[in-house]
Number of protein chains: 2
Amino acid sequence: MNTLPDTASPLYEKVKDYILTNIGTGRWSKDRKLPSENEFVAALGVSRMTIHRALRELTSAGFLIRLQGVGTFIAPPRPQSALIEINNIVAEILARGNKHRSEVLVLEKIMPAKELALSFEFARRSSVYHSVVVNFENDLPVQLEERFVNPSLIPDYDKQDFSKTATYDYLMQKTPVTEVEHIISAIPADAETARHLGIDAGSCCLLLNRRTWTGAIVATISKLTYVGSRYSLGSRYSPSKSG
Amino acid sequence: MNTLPDTASPLYEKVKDYILTNIGTGRWSKDRKLPSENEFVAALGVSRMTIHRALRELTSAGFLIRLQGVGTFIAPPRPQSALIEINNIVAEILARGNKHRSEVLVLEKIMPAKELALSFEFARRSSVYHSVVVNFENDLPVQLEERFVNPSLIPDYDKQDFSKTATYDYLMQKTPVTEVEHIISAIPADAETARHLGIDAGSCCLLLNRRTWTGAIVATISKLTYVGSRYSLGSRYSPSKSG
DNA sequence: AGACTACAAAAGCATATACATGTACGTATA
DNA sequence: TATACGTACATGTATATGCTTTTGTAGTCT
């Protein structure tokens with residue numbers, strides 16, 4: 001019985017729409033196994049190759065996961081692109097099999113200075129959360145993380161225990177990132193930074209300034225300082241595998 | 001006559017590699033019309049549907065442009081993604097309305113050291129091009145650019161005048177980039193680097209190590225050193241607009 | 001109990017065929 | 001001369017068919 005949309009588009013596009021709609025509206029629950037190709041054939045009255053094309057394109061677009069011999073499943077919310085994930089330092093440390101620990105130096109609500117308020121693109125003055133955390137890899141400090149967070153998007157930021165949950169994980173869970181800006185530079189460590197990171201003042205550090213948006217609203221502004229000799233940012237990117 | 005690569009991958013992938021290689025090596029000139037699907041069928045002994053899939057995927061990845069009833073053409077070099085474009089320093093300098101100038105320090109063909117040959121993933125020893133260029137913004141050195149280039153993809157690299165054409169522009173024009181790897185770190189300048197960049201030894205520099213691929217072949221390996229106090233890498237990215 | 005085997009299910013690959021749609025171009029006709 | 005038409009060719013879509021590869025499972029043998 002054919003329930004495909006009645007638009008002027010190729011059949012495989014209709015099938016894609018049909019599937020995406022069923023996922024989007026939640027009619028197919030998140031962890032459910034989708035019908036097999038042959039079941040789709042029976043249900044929609046369309047040839048298997050056409051079903052296959054629709055499923056393949058949805059898979060390469062990241063909406064589905066397919067396992068040969070097993071079935072087709074709805075993909076979990078996407079893991080961020082290479083450009084974004086460079087910030088989840090905790091995951092990186094754990095992935096290397098090392099021990100992670102963090103110390104929360106500051107967690108407060110403040111009125112932003114003029115320049116900071118400007119970066120948040122606030123229409124009128126408003127307070128923001130402010131946190132400073134040091135991240136350790138095997139008890140060696142590798143990153144000093146200073147964040148400013150928009151309370152209108154993440155209201156309970158200052159109630160969290162960031163020695164247990166990484167700020168990154170908490171933020172990713174709370175609000176979807178629709179846009180990211182990165183500015184990377186190399187700077188000598190100032191006295192305070194050097195003290196927190198246990199290095200000499202003037203040592204080379206990698207400074208990553210980051211702003212994230214949720215829709216049109218600036219969600220977070222972060223200043224991440226890495227010890228140059230202990231850290232580097234890597235990414236690998238394939239245009240052909242995502243376009 | 002079948003000239004497809006002899007790898008253990010599906011046929012349509014081999015066809016894609018075959019086409020990318022022919023584009024990459026310049027065997028098919030930039031503005032040329034590619035063979036029609038049926039001509040590919042005759043030339044490679046592969047069914048039209050398989051050819052079609054290869055061409056369709058290369059088109060959606062941005063390498064080709066197809067016009068129904070007309071033919072298939074090589075796409076103009078793409079406006080790179082945020083992650084890739086951070087390397088076109090010349091364009092950046094000009095975009096800021098500043099003057100650009102470059103000095104070519106080295107341009108030669110060498111036998112790579114063991115480690116470098118390894119990075120190129122060479123099956124057997126083969127020579128590579130080597131260039132070192134300093135880029136100036138308003139007569140102030142901002143970047144030291146050392147590149148190693150695979151001659152099998154870019155055969156005339158050492159015949160170019162890189163004080164006139166930027167190495168980046170030349171490479172982008174000569175071969176499509178299918179994959180990029182970046183490793184960014186902060187390091188103190190060594191004596192020689194410091195001399196070339198007109199800074200004190202030990203000053204903070206941003207080091208960008210970059211590898212690019214064309215198909216399965218490593219095309220270039222670059223080591224870009226930026227003066228920390230005079231430069232930072234920026235990017236802005238919207239996951240939702242490309243995934 | 002554990003290991004091996006056989007089979008079934010599901011996705012993946014490749015092909016042949018047919019028709020649809022769009023473009024280019026030459027030729028006939030008003 | 002300009003329009004209309006026919007033909008050739010190119011890409012796009014849809015289907016049917018047959019095979020391979022991977023994975024899970026149910027039996028079976030030791």
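This one's a predicted model, so the numbers in the text were calculated from it and none came from an experiment. Throughout, protein chains are lettered first and strands after them, A, B, ... in sequence-line order, and every chain is numbered starting at 1.
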Discussion item. Nearest 0.5 Å, please: how far is NZ in B:Lys114 from CG in B:Leu116?
Written reply: 13.5 Å
Worksheet entry | From A:Leu171 atom CG to A:Thr212 atom OG1, the distance as rounded to the nearest 0.5 Å | 7.5 Å
Practice prompt. With DNA chain D as reference, determine whether B:Arg48 or A:Met49 sits nearer its 5' end, using the nearest nucleotide of each.
Written response: B:Arg48
Worksheet item: Is a salt bridge present between A:Glu121 and A:Arg211, judged by a nitrogen-to-oxygen distance below 4.0 Å?
Response: yes
Practice prompt. Could you tell me whether B:Arg27 atom CZ has more than 12 heavy atoms of other residues or ligands within 6.0 Å of it?
Written response: no
Is there any protein nitrogen or oxygen under 3.5 Å from a nitrogen or oxygen in nucleotides 4-7 of chain D, and what are the pairs?
none

Fill in: Outermost DNA chain C nucleotides near chain B [under 4.0 Å, heavy atoms]
C:dC13 to C:dT23
Worksheet item: Is there a side-chain contact between B:Leu208 and B:Ile183, using heavy atoms and a 4.5 Å cut-off?
Response: no
Worksheet item: Can you find a pair of side-chain heavy atoms, one from B:Lys33 and one from B:Thr72, that are under 4.5 Å apart?
Response: no
Worksheet item: Going by number, which of residues 50-57 of chain A have a non-hydrogen atom under 4.0 Å from DNA chain D?
Response: A:Thr50, A:Arg53
Item to complete: For the residue pair A:Phe162 and A:Tyr157, categorise the inter-ring angle as parallel (less than 30°), tilted (30 to 60°) or perpendicular (more than 60°).
Response: tilted
Detail all sub-3.5 Å separations between protein N/O atoms and N/O atoms belonging to nucleotides 21-23 of chain D.
from, atom 1, to, atom 2, distance (Å)
D:dT21, O2, A:Gln68, NE2, 3.1
D:dT22, O4', A:Gln68, OE1, 3.0

Practice prompt. Starting from the first five and the last five pairs of the helix from C:dA1-D:dT30 to C:dA30-D:dT1, work out the angle between the resulting helix axes, to 10 degrees.
Written response: 10°
Discussion item. Tell me whether B:Arg210 contacts the main-chain N or O of B:Lys223 through its side chain, where contact means a donor paired with an acceptor under 3.5 Å.
Written reply: no
Worksheet item: Nearest-Å distance, CZ (B:Phe40) to P (D:dC9)?
Response: 18 Å
Worksheet item: Going by number, which of residues 32-39 of chain A have a non-hydrogen atom under 4.0 Å from DNA chain C?
Response: A:Ser36, A:Glu37
